[in-house]
Amino acid sequence: SALGFAALLFPTIRGEACPSSCSCESLGGSRGLRVDCSSRQLRAVPALPRHTRSLDLHNNSLSWVPAGALDSLLSLEHVDMAGNPWHCDCHVLYLKLWLQDFSAPSLGRVRCASPAPVRMKSLAELTGNELGTCKRLLPVRCLEFFWRDLILIAGAIITLLLVAWALKFSKKLVCRLNLSRYAPRGRLLRRHTPKNH
């Protein structure tokens with residue numbers, strides 16, 4: 001009941017609500033929140049306040065984290081995600097990369113529960129081969145942008161080559177016109193007079 005009372009006292013910080021499945025404690029002033037979501041049997045990461053400074057998600061039923069779910073936590077300094085049954089296939093790749101950037105010790109504490117070949121292995125020890133064939137690591141939109149950009153770059157290169165060729169050809173044409181303009185009239189007539197005349 002004390003935790004529920006604390007959540008009522010500090011439900012928001014800068015207009016952001018504390019998740020109903022967690023308890024939040026203000027760290028004072030603009031220092032952010034300590035968000036405790038441990039031992040709540042959570043199967044998904046709740047919507048977290050952006051000003052979360054400390055996050056405790058240990059001892060839940062989390063098996064993976066959706067890509068981008070933790071990207072908004074720019075003030076985060078401490079996270080605990082141990083004690084969850086993480087399923088270490090392609091879906092865990094986002095969490096692995098995020099923890100790798102955030103904190104190496106936190107990455108080492110997170111262990112796989114399945115599949116069997118990687119059971120009890122930490123995310124830090126996990127290799128790309130053990131994740132299986134991850135065909136789509138990039139969202140479809142990213143792939144579409146990649147191909148669009150590639151086509152635009154190829155088009156720009158072809159256009160530049162055509163412009164360079166046209167400039168080179170136009171210089172030769174200008175030189176020929178200048179030579180023909182200043183050449184003696186007799187030569188011009190000789191050049192253009194048909195042989196049978």
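Remember, it's a predicted structure, so these values are computed and weren't measured experimentally.
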Discussion item. Between Ser26 (side chain only) and Gly28 (backbone N and O only), is there a donor and an acceptor less than 3.5 Å apart?
Written reply: yes
Worksheet entry | Option among Val65, Leu123, Val118 that satisfies the side chain to side chain contact (heavy atoms under 4.5 Å, CB included) test with Trp86 | Val65
Worksheet, complete the sentence: When every non-hydrogen atom of Cys37 is compared with those of Leu57, the smallest separation belongs to CB-CD2, 3.6 Å
Practice prompt. Examine the side chains of Ser38 and Asn59 and answer whether a donor and an acceptor come within less than 3.5 Å of each other.
Written response: no
Worksheet item: Which pair of heavy atoms, one from Arg43 and one from Leu62, lies closest together, and at what distance?
Response: C-CD2, 3.6 Å
Practice prompt. Specify the closest pair of heavy atoms between Gly155 and Thr159, including all atoms of both residues, with the distance to one decimal.
Written response: O-OG1, 2.8 Å
Worksheet entry | Minimum heavy-atom distance Arg53-Ser75, with the two atoms named | CD-O, 3.0 Å
Fill in: Partner of Phe102 under side chain to side chain contact (heavy atoms under 4.5 Å, CB included), chosen from Leu107, Val79, Leu97
Val79
Worksheet item: With side chains defined as the heavy atoms from C-beta onward, is the minimum distance between Leu48 and Leu76 less than 4.5 Å?
Response: no
Worksheet item: Is Met81 reachable from Trp64 through a run of hydrophobic residues whose side-chain heavy atoms are each under 4.5 Å from the next?
Response: no
Item to complete: Check the pair Leu70 / Leu95 against side-chain contact (heavy atoms from CB on, under 4.5 Å), numbers first and verdict last.
Response: CA-CA 9 Å; Leu70 304 170; Leu95 179 64; 4.3 Å; yes
Practice prompt. Step by step, work out the side-chain contact (heavy atoms from CB on, under 4.5 Å) result for Arg40 and Ser23.
Written response: CA-CA 10 Å; Arg40 310 290 170 102; Ser23 64; 3.6 Å; yes
Fill in: Heavy-atom pair of closest approach, residues Pro49 and Pro19
CD-CD, 3.9 Å
